[in-house]
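Everything below concerns the one structure shown next.
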Amino acid sequence: MFVLSPNQVQRFYRGGAKIARFRALDVAGDGPEDWVASTTTVAGEPQAGLTRLPDGRLLADAIDQDPAWFLGPAHLAAYGADSSLLVKLLDAGERLPVHCHPGRAYSRAHLGCAHGKTEAWIVLAADGADPCVYLGFAEAVPAGVLAGWVAQQDVAALLGSLHKLPVAPGDSVLVPAGTPHAIGPGVFLTELQEPTDLSILLEWQGFVGDGAQDGTLGLGYDRVLGAVDRTPWDTQRLAAVRRSAAATGTGSSVTALLPSAADSFFRADWLRPGDGLRLDAGYAVWIVAGGRGTLRTEHGGALELHQGMTVLVAYGDGPASLTGAAEVIRCRPPAPG
Ligand SMILES: [Zn+2]
């Protein structure tokens, strides 16, 4: 297993102070996102975004060299030598623009890429008067109306058309590809996603220089708006993508943070050690959300955990145990098979 260093990345929005606070960094890095266990590069960049292991190797190269040790036989059979997962710490220092991401079918057809960017959020902290996220159109939006809002950069209409959801620490939301969304200011979260950096900016003014150039995946708005889910989200549909880990008691527990619809993209659990947890071997990214504890693995030794640590556990580390009082978000790749 590997303790991962901060890997902050510059984006087109402000933020980053909460990453420094969460990780108790003496010297704050630059950028509102920390890409954890990343084998993904920032769009258009040769290296930015990639995680380097403590021994100096890029994680992507290390997995290439020994995929069976990192990922295990079942993952390898299902997905090949691809972790299929990107985890981030994301500090929305300001409201993010209204945007969405392409799905797998769209990426394959138009971008020559096997992955889309379905994502999920697990809220670590939320401050300000009204911590919230925005997700899904409340009413169906005709294609021409959406194109007009985007062309005019009618932010009031774009934002006002979405559901506004209040959030608190421990809340999680699955964001299927295509769903328009935004994250409110003051929200700090762990994000799981497919390993790409593909965004479609419906709102771009004030964030990037030219939306058509920087926010359409090179396709232009006429084509790329076809990837947007313009269907309405009712109460039932919203409830199906939201969970909370807040009320699961104090005993040993592994609480699934995402609905089963997420399983083919990624999995996330909230771990509470209680009297001690035993966990099967497998590739996992651990975010220590709070408290202190000890992670032991059969072949990788023991590690003292404290808030802000990010740890990559490989399949080859073997079965693991967690003791103490650490609260851990365990992020895993899609379920094999
Ligand atoms: Zn997004």
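Whatever order the structure lists ligands and atoms in, that order sets their numbers, starting from 1. Residue numbers count from 1 along this sequence. What's counted below: heavy atoms across the whole structure, side chains too, no hydrogens, waters or symmetry copies.
In summary, Asp197 and Arg11 engage in a salt bridge, as defined by a charged side-chain N under 4.0 Å from a carboxylate O.
For the pair OE2 of Glu119 and NE2 of His101, the angle whose vertex sits at the Zn ion (ligand 1) is 110° to 10 degrees.
Listed by chain and residue number, Lys88, Lys117 satisfy the side-chain hydrogen bond (donor to acceptor under 3.5 Å, both in side chains) test with Gln193 (two or more places apart in sequence, or in another chain).
His99 contributes NE2 as its N, O or S atom closest to the Zn ion (ligand 1).
At a cut-off of 2.8 Å, Cys100 does not coordinate the Zn ion (ligand 1) through any N, O or S atom.
Side-chain rings of Phe207 and Tyr13 stay apart, their centers remaining 6.0 Å or farther from each other.
Counting side-chain heavy-atom gaps under 4.5 Å among Ile, Leu, Val, Met, Phe, Trp and Tyr, the cluster of Val328 also holds Met1, Val3, Val254, Leu271, Leu277, Leu279, Trp286, Val288, Leu295, Leu303, Leu305, Met309, Val311, Val313, Leu322.
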